[in-house]
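The chain is numbered in sequence order, starting from 1. Heavy-atom basis, side chains included; hydrogens, waters and symmetry copies ignored.
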Amino acid sequence: MEGFLKELPKKAQEKQTESKKFFVKLKKKPPKNLDYVMQELHENEFQKTDCLTCANCCKTTGPLFTNADVERIAKSFKQKPQQFIANYLRVDDENDYVLQSVPCTFLGADNYCSIYDVRPKACREFPHTDRKKFQQISNLTMKNVAICPAAYNIVEEMKKKIKV
């Protein structure tokens, strides 16, 4: 996994032009069964991929925290939301709550998340490859393939399976 992770940004960059063209066509004319195909690709990949051997998303990026995330996590810490925000979050350029720093404060050395049961929605849904109307998040997907080996593999399989 370590070797693949080191090569991932380069591999994603090499495929970027091809992937961009694919996503432009996909957005213009998504197949009727796209959600079904993406669900299948997602499930197949995550039968082979164990996030605990990687955790690259937690090590290199931070999620957005919605107000609901903040309230839920603060409650689990028996803190007021403002106290949780002051301790762990900052407001970014787009006025969103994000972690003060990466790697994620809640990631353990064993790649386990200490707040897994109450983790942010963005973490629960990452890498968003089983999302409905997948064609609408192509920009996000293009970023995720450089971070997440599973997302990279899913997009490569998708390009083989879906004719645009």
Side-chain angles (χ1 to χ4, degrees), residues 1 4-5 7-73 85 88-100 102-104 106-107 113 115-164:
M1 179 61 79
F4 189 75
L5 278 178
E7 292 295 313
L8 189 57
K10 185 180 172 207
K11 285 177 171 271
Q13 184 66 41
E14 288 169 357
K15 299 274 187 174
Q16 189 173 26
T17 304
E18 173 188 306
S19 295
K20 269 186 182 171
K21 286 178 184 172
F22 177 82
F23 281 121
V24 165
K25 290 178 182 174
L26 187 69
K27 222 176 204 173
K28 284 182 183 167
K29 196 168 190 269
K32 284 183 176 47
N33 67 340
L34 180 62
D35 290 347
Y36 173 78
V37 170
M38 291 311 299
Q39 187 69 44
E40 185 181 320
L41 291 172
H42 179 90
E43 286 172 10
N44 289 345
E45 181 60 33
F46 281 99
Q47 286 175 357
K48 301 180 281 191
T49 300
D50 178 9
C51 294
L52 292 173
T53 63
C54 179
N56 199 43
C57 51
C58 307
K59 293 172 184 173
T60 61
T61 62
L64 298 180
F65 286 73
T66 65
N67 289 331
D69 293 331
V70 170
E71 288 186 28
R72 185 179 60 257
I73 299 165
I85 291 166
Y88 300 102
L89 305 180
R90 66 180 175 81
V91 176
D92 70 3
D93 299 339
E94 282 133 35
N95 241 10
D96 292 314
Y97 287 122
V98 295
L99 291 169
Q100 290 175 2
V102 290
C104 179
F106 307 110
L107 180 68
C113 174
I115 62 166
Y116 189 81
D117 291 338
V118 292
R119 69 194 183 281
K121 181 177 188 249
C123 299
R124 283 195 308 273
E125 294 180 355
F126 191 84
H128 312 286
T129 47
D130 60 346
R131 189 155 148 182
K132 297 233 184 295
K133 297 186 177 160
F134 178 79
Q135 72 278 8
Q136 295 176 348
I137 60 163
S138 57
N139 290 344
L140 177 62
T141 303
M142 293 292 289
K143 289 178 187 169
N144 291 346
V145 296
I147 298 165
C148 176
Y152 177 87
N153 291 339
I154 289 166
V155 168
E156 289 308 303
E157 278 303 305
M158 179 186 176
K159 289 190 291 191
K160 291 176 194 168
K161 199 166 191 162
I162 297 173
K163 300 297 171 220
V164 287

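- Between F46 and H42, the angle of the ring planes lies from 30° to 60°, which puts this pair in the tilted group.
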D96 and V91: side-chain contact (heavy atoms from CB on, under 4.5 Å), yes or no, with the steps? CA-CA 5 Å; D96 292 314; V91 176; over 6 Å; no

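- Atoms CD and CG, on E125 and D130 in that order, are 8.0 Å from each other to the nearest 0.5 Å.
- Note: I154 CD1 to L41 CG = 7.0 Å, rounded to the nearest 0.5 Å.
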Could you go step by step and tell me if V145 and L8 meet the side-chain contact (heavy atoms from CB on, under 4.5 Å) rule? CA-CA 8 Å; V145 296; L8 189 57; over 6 Å; no

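- At a threshold of 4.0 Å, the pair E18-K21 does not count as salt-bridged, since none of the basic side-chain nitrogens sits closer than that to a carboxylate oxygen.
- Of the possible polar contacts, one joining the K59 side chain to the C54 backbone as a donor-acceptor pair under 3.5 Å is found.
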Test side-chain contact (heavy atoms from CB on, under 4.5 Å) applied to L26 and M158, step by step: CA-CA 11 Å; L26 187 69; M158 179 186 176; 3.2 Å; yes

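- Remark: Y152 OH to E7 CD distance equals 10.0 Å, nearest 0.5 Å.
- Nearest heavy-atom pair, P149 versus L5, reported as atom, atom and distance to 0.1 Å: CG-CD2, 3.7 Å.
- Taking the six-membered ring where the residue is Trp, F23 and F134 present tilted rings, their angle falling between 30° and 60°.
- Taken from CE in M142 to CG in N144, the straight-line distance is 11.0 Å, to the nearest 0.5 Å.
- In this structure, R119 forms a cation-pi arrangement with Y116, its terminal cationic atom sitting closer than 6.0 Å to the ring centre and no more than 45° off the ring axis.
- When all heavy atoms of S19 and V155 are compared, the pair lying nearest together is OG-CG1, 4.3 Å.
- A donor-acceptor pair is defined here as one N or O able to donate and one able to accept, closer than 3.5 Å; such a pair exists between the side chain of D92 and the backbone of N95.
- The shortest distance between side-chain heavy atoms of R131 and Q136 does not fall below 4.5 Å.
- Smallest separation of non-hydrogen atoms from S138 and K27: OG-NZ, 3.8 Å.
- Atom CE of M38 sits about 9.0 Å away from atom CG of D35, to the nearest 0.5 Å.
- The NZ atom of K132 lies 12.5 Å from the CD1 atom of I137; values are rounded to the nearest 0.5 Å.
- Side-chain contact between L89 and V70 is present, with at least one heavy-atom pair separated by less than 4.5 Å.
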Let me see the working for I73 and F65 under side-chain contact (heavy atoms from CB on, under 4.5 Å), right down to the final yes or no. CA-CA 10 Å; I73 299 165; F65 286 73; 3.7 Å; yes

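- A donor and an acceptor atom, one from each side chain of D69 and T66, are located under 3.5 Å apart.
- In the displayed structure, K159 atom NZ is contacted under 6.0 Å by more than 12 heavy atoms of other residues, nucleotides or ligands.
- Looking only at atom types and distance, the side chain of E43 has no donor-acceptor partner in the side chain of Q47 under 3.5 Å away.
- Considering all non-hydrogen atoms of both residues, H128 and A122 come closest at CE1-O, 3.8 Å.
- Between L99 and P63, some side-chain heavy-atom pair lies under the 4.5 Å cut-off.
- A salt bridge is defined here as a Lys NZ or Arg NE, NH1 or NH2 lying under 4.0 Å from an Asp or Glu carboxylate O, and E156 with K160 fails to meet this definition.
- The shortest non-hydrogen separation linking E45 to N153 is OE2-ND2, 3.1 Å.
- Residue V102 comes nearest to G62 through the heavy atom pair CG1-N, 3.7 Å, listed as atom of the first residue, atom of the second, then distance.
- In this structure, Q135 contributes its side chain and P30 its backbone to no donor-acceptor pair below 3.5 Å.
- Using a 4.5 Å heavy-atom cutoff, the side chains of R90 and Y97 are not in contact.
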